[in-house]
Amino acid sequence: MPSETLYIPTADGRADAFAAFPDHGERHPGVLMYADALGIRPVVRDLARELAGHGYYVLVPNYFYRHGPAPVIELPEFIGEDVRPAIVARLMPLIEAHTADRVLRDADAYLDFLTAQPEVAAGPVAVTGYCIGGLWAMRTAVAHPGRVAAVAGFHAPVAADGPDSLAALTARVHFGHAETDLTPAALGELNRALDAAGVDYTSEIYPGTVHGFTMSDTAAFDPAALQHHWDRLHALLEHTPINH
C-alpha cells in the first residue's frame with residue numbers, strides 16, 4: 001500500500017499530511033480524512049491505509065499545522081485514562097484556536113490539493129472525521145455541497161454548531177455516535193435536523209461505546225464498534241457517486 005507524507009499549501013502556511021492509496025497506477029475516489037484531536041499517529045495511518053485498501057485515495061491533513069508538524073505534542077504509545085486528561089489539557093488551546101473560519105479556509109486548500117492529485121479521480125469526494133475531526137468534516141461538507149458527496153463522523157460533536165447548521169447539507173451522511181456522547185433525545189433532535197435538510201442519512205448510537213471507540217491506542221477502543229464503523233463507512237461510500 002503506497003503512502004507518503006505530503007505538504008499542502010494553505011492561506012496560512014503549509015500543512016503536513018499523510019496520504020495512502022492503492023498501488024494500481026489508476027485514479028481513485030478521493031477521501032479527505034480528519035483525525036481525532038490527538039492527530040496523525042500510527043493508529044490514524046492504519047485507518048487511512050485500511051480505507052485506501054478498498055480502492056480510495058485517502059488524505060489526512062495535520063489540521064494543527066500552525067503549531068508544528070504532526071505529532072504536535074508528544075504522545076505515549078497507549079493513551080490510558082491516567083494520561084488522557086493531561087493530554088487533552090495540552091490540546092484544548094489548539095482546538096479553541098482552530099476557529100470555524102480556520103476550518104473552512106483550510107478545507108478549501110485540502111479539497112483543492114486532494115482533487116489535484118494525479119491518483120484521484122475527477123468529481124466529488126467524501127469527507128470523514130473522528131472526534132473533533134468529525135465536526136470539521138461536517139463543516140467541510142456544508143461549505144462545499146458541490147464538491148463533497150458523502151460525509152461521515154464518528155464519536156464526533158457534529159451538532160456543535162446547532163441543528164440549523166445542517167440545513168445546507170446536501171451530502172449523504174453517516175454519523176456513528178458514542179453512547180456516552182449523545183442522549184437518545186439529542187439524537188432525535190439531530191436526526192430531525194437531517195430530515196429537514198432532506199439528505200439521505202444514517203445516524204445512530206453505537207451501543208455500549210464511549211468517546212473514542214475507533215482508536216485502538218486508547219482505553220476507549222471497542223473492536224466490535226470499529227468493525228461496525230467500517231461496515232457503515234463502506235456502505236456509505238459504495239452507494240455515493242464519488243467516481244468509482
Side-chain angles (χ1 to χ4, degrees), residues 8 10 12 15-18 31-41 43-45 47-48 58-73 75 79 81 83-107 109-111 126-144 148 151-163 165-166 169 171 173-182 186-187 190 203 205-206 209-221 225-226 229 233:
I8 304 171
T10 75
D12 295 332
D16 52 305
F18 177 77
V31 179
L32 176 62
M33 177 184 287
Y34 289 102
D36 62 356
L38 301 174
I40 299 172
R41 59 198 192 282
V43 67
V44 171
R45 294 186 184 96
L47 290 172
V58 183
L59 179 69
V60 190
N62 168 26
Y63 51 74
F64 288 148
Y65 67 90
R66 293 173 181 85
H67 306 276
V72 177
I73 67 169
L75 297 170
I79 301 158
E81 289 307 311
V83 298
R84 185 179 181 87
I87 291 171
V88 171
R90 292 184 63 190
L91 288 171
M92 194 54 65
L94 279 63
I95 294 170
E96 292 172 348
H98 202 60
T99 61
D101 180 64
R102 282 187 174 183
V103 171
L104 296 182
R105 200 158 64 237
D106 287 347
Y110 300 158
L111 290 174
V127 185
T128 185
Y130 301 88
C131 178
I132 196 69
L135 177 59
W136 305 162
M138 191 278 292
R139 287 175 174 171
T140 300
V142 168
H144 296 278
V148 177
V151 60
F154 300 95
H155 45 86
V158 292
D161 296 334
S165 66
L166 302 174
L169 195 60
V173 174
H174 175 68
F175 292 147
H177 311 286
E179 192 170 75
T180 56
D181 281 348
L182 205 66
L187 176 65
L190 171 61
S203 173
I205 294 172
Y206 289 17
T209 55
V210 298
H211 182 75
F213 59 77
T214 60
M215 298 296 163
S216 61
D217 62 350
T218 74
F221 180 55
L226 175 64
H229 137 279
L233 183 56

Practice problem: Decide side-chain contact (heavy atoms from CB on, under 4.5 Å) for V60 and L47; before the verdict, give the C-alpha distance in whole Å, the side-chain angles of both, and the deciding distance to 0.1 Å. | Solution: CA-CA 10 Å; V60 190; L47 290 172; over 6 Å; no
Is the shortest heavy-atom distance from the side chain of [X] to the side chain of [Y] under 4.5 Å?
X: L75; Y: R41; result: yes
X: L166; Y: L190; result: yes
X: D181; Y: P157; result: no
X: S165; Y: M138; result: yes
X: R105; Y: T10; result: no
X: H229; Y: Y206; result: yes
X: L38; Y: P71; result: no
X: V44; Y: F18; result: no

Practice problem: Kindly indicate, with the supporting measurements, whether the criterion side-chain contact (heavy atoms from CB on, under 4.5 Å) is fulfilled by L233 and H174. | Solution: CA-CA 7 Å; L233 183 56; H174 175 68; over 6 Å; no
For [X] and [Y], indicate whether the former's side chain and the latter's backbone hold a donor-acceptor pair under 3.5 Å.
X: R102; Y: A97; value: yes
X: D36; Y: G212; value: no
X: N62; Y: G68; value: yes
X: T214; Y: L226; value: no
X: T218; Y: I79; value: no

Practice problem: Check step by step if side-chain contact (heavy atoms from CB on, under 4.5 Å) holds for V103 and H98. | Solution: CA-CA 7 Å; V103 171; H98 202 60; 3.4 Å; yes
Provide the closest heavy-atom pair for [X] versus [Y] in the form atom of the first, atom of the second, distance.
X: A156; Y: G134; value: CB-CA, 3.5 Å
X: C131; Y: A37; value: SG-N, 4.0 Å
X: H155; Y: H211; value: O-CE1, 3.0 Å
X: I205; Y: L182; value: CD1-O, 3.3 Å

Quiz item: With respect to D106, which candidate in Y34, Y65, Y63 satisfies the side chain to side chain donor-acceptor pair (under 3.5 Å) definition?
Solution: Y65
Practice problem: On the 0 to 90° scale, with breaks at 30° and 60°, tag the Y130-F154 ring pair as parallel, tilted or perpendicular. | Solution: parallel
Quiz item: Can you check ring-ring contact (aromatic ring centres under 6.0 Å, His included) on Y110 and H144, steps first, answer last?
Solution: CA-CA 12 Å; Y110 300 158; H144 296 278; over 10 Å; no
Quiz item: Step by step, would you call V158 with H177 a side-chain contact (heavy atoms from CB on, under 4.5 Å)?
Solution: CA-CA 9 Å; V158 292; H177 311 286; 4.0 Å; yes
